[in-house]
Protein chains: 2
Amino acid sequence: MNKLNENDCCSGLEDLLLPRMFKALGDPNRVSILIHLAECCAPCSVSEVADFCPVDLSVVSRHLAILREAGILEAQKRGKEVYYTVCSQTLVDTLRSIADAIESCCPVDANLEGN
Amino acid sequence: MNKLNENDCCSGLEDLLLPRMFKALGDPNRVSILIHLAECCAPCSVSEVADFCPVDLSVVSRHLAILREAGILEAQKRGKEVYYTVCSQTLVDTLRSIADAIESCCPVDANLEGN
DNA sequence: AATACATTTGCATAATGGCACAAACGTGAA
DNA sequence: TTCACGTTTGTGCCATTATGCAAATGTATT
């Protein structure tokens, strides 16, 4: 009858579920930018990304910055242009770590059958 | 030199990166609610969750509804109370699917070494 | 039916976020 | 230096959202 058994199995979750990262992925335009960059498989400049986005170039620039600050994208300046790429390894590792933490905490999906 | 090789490797990403889900995880209070429910490992009523949240009970009720509509939580009514639990299996599967899709698209983290 | 309790919903307010436009900044070339 | 180009930043507008409080709803008990 341990109704509130606060085990610390999900201790890592607090460090993984960073609102900044999810906030960055909470906007449709940013998601489509991310997908575009992932499909591109090559660094894209701000202007190139903007060609695929229905919003102003300045807005795209801000979206890219938000994704970069969230650790989802990486930026590299080459001359006048700034090229963005997906931090795929970081992103993949983070997502899997979150999945592992949740799984280890709530093993068999012990959902609403209790009590 | 295929600068814009639009391969469809990440085709599944569009169906996985749903803004509603990430928007739900983009709020600090909702994240802490989720972590609390995960640590609880047992269904929690709205009032129980509210005891751990600095905001009003009505706000907690709304947060729980948002997480439920995002497919992150599950609700079950028992008498006067509503018990929430984490849809851990769904959540874990979704996160791993996203990770797999990104990984298969951008294999070795082919980041900023191109060109 | 009347009451008590848990939750949800209506409403107003303050904060945040996305957007376009214009101006500023940085960089390379003439 | 002057210029053109790519990007970022300032600003204002509008939509969305988080919040608290009060009222309404639902549910079991008396």
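Residue numbers begin at 1 in each chain, while the letters A, B, ... track the order of the sequences.
- Remark: Ile33(B) CD1 to Cys40(B) SG distance equals 12.0 Å, nearest 0.5 Å.
- Of the candidates dT8(D), dA18(D), dG6(D), dG6(D) carries the atom nearest the Lys80(A) side chain, counting heavy atoms from C-beta on.
- Which of dT8(D), dG6(D), dC19(C) sits closest to the side chain of Leu57(A) comes down to dT8(D).
- Among the nucleotides dG28(C), dT9(D), dT9(C), the one closest to the side chain of Arg62(B) is dT9(C).
- Among the protein residues, Val46(B) comes within range of the sugar-phosphate backbone only, with heavy atoms under 4.0 Å from sugar or phosphate atoms but none that close to a base.
- With distances taken from any side-chain atom of Arg30(A) to the nucleotides dA18(D), dT8(D), dG18(C), the minimum falls on dG18(C).
- Here Lys77(A) does not reach the OP1 or OP2 of dG26(C): none of its side-chain N or O atoms lies under 4.0 Å away.
- Side-chain contact between Leu34(A) and Leu73(A): present, with at least one pair of heavy atoms (C-beta onward) separated by less than 4.5 Å.
- Within the cation-pi definition used here (under 6.0 Å to the ring centroid, within 45° of the axis), Arg68(A) does not qualify as a partner of Tyr84(A).
- From Ile66(B), atom CD1 reaches atom CG of Asp27(B) across 7.5 Å, with rounding to the nearest 0.5 Å.
- Within the 4.0 Å cut-off from OP1 or OP2 of dA20(C), not a single side-chain nitrogen or oxygen of Ser58(A) is found.
- Of the side-chain N and O atoms in Ser47(B), none sit less than 4.0 angstrom from OP1 or OP2 of dA6(C).
- OP1 or OP2 of dT19(D) sits under 4.0 Å from a side-chain N or O of His63(B).
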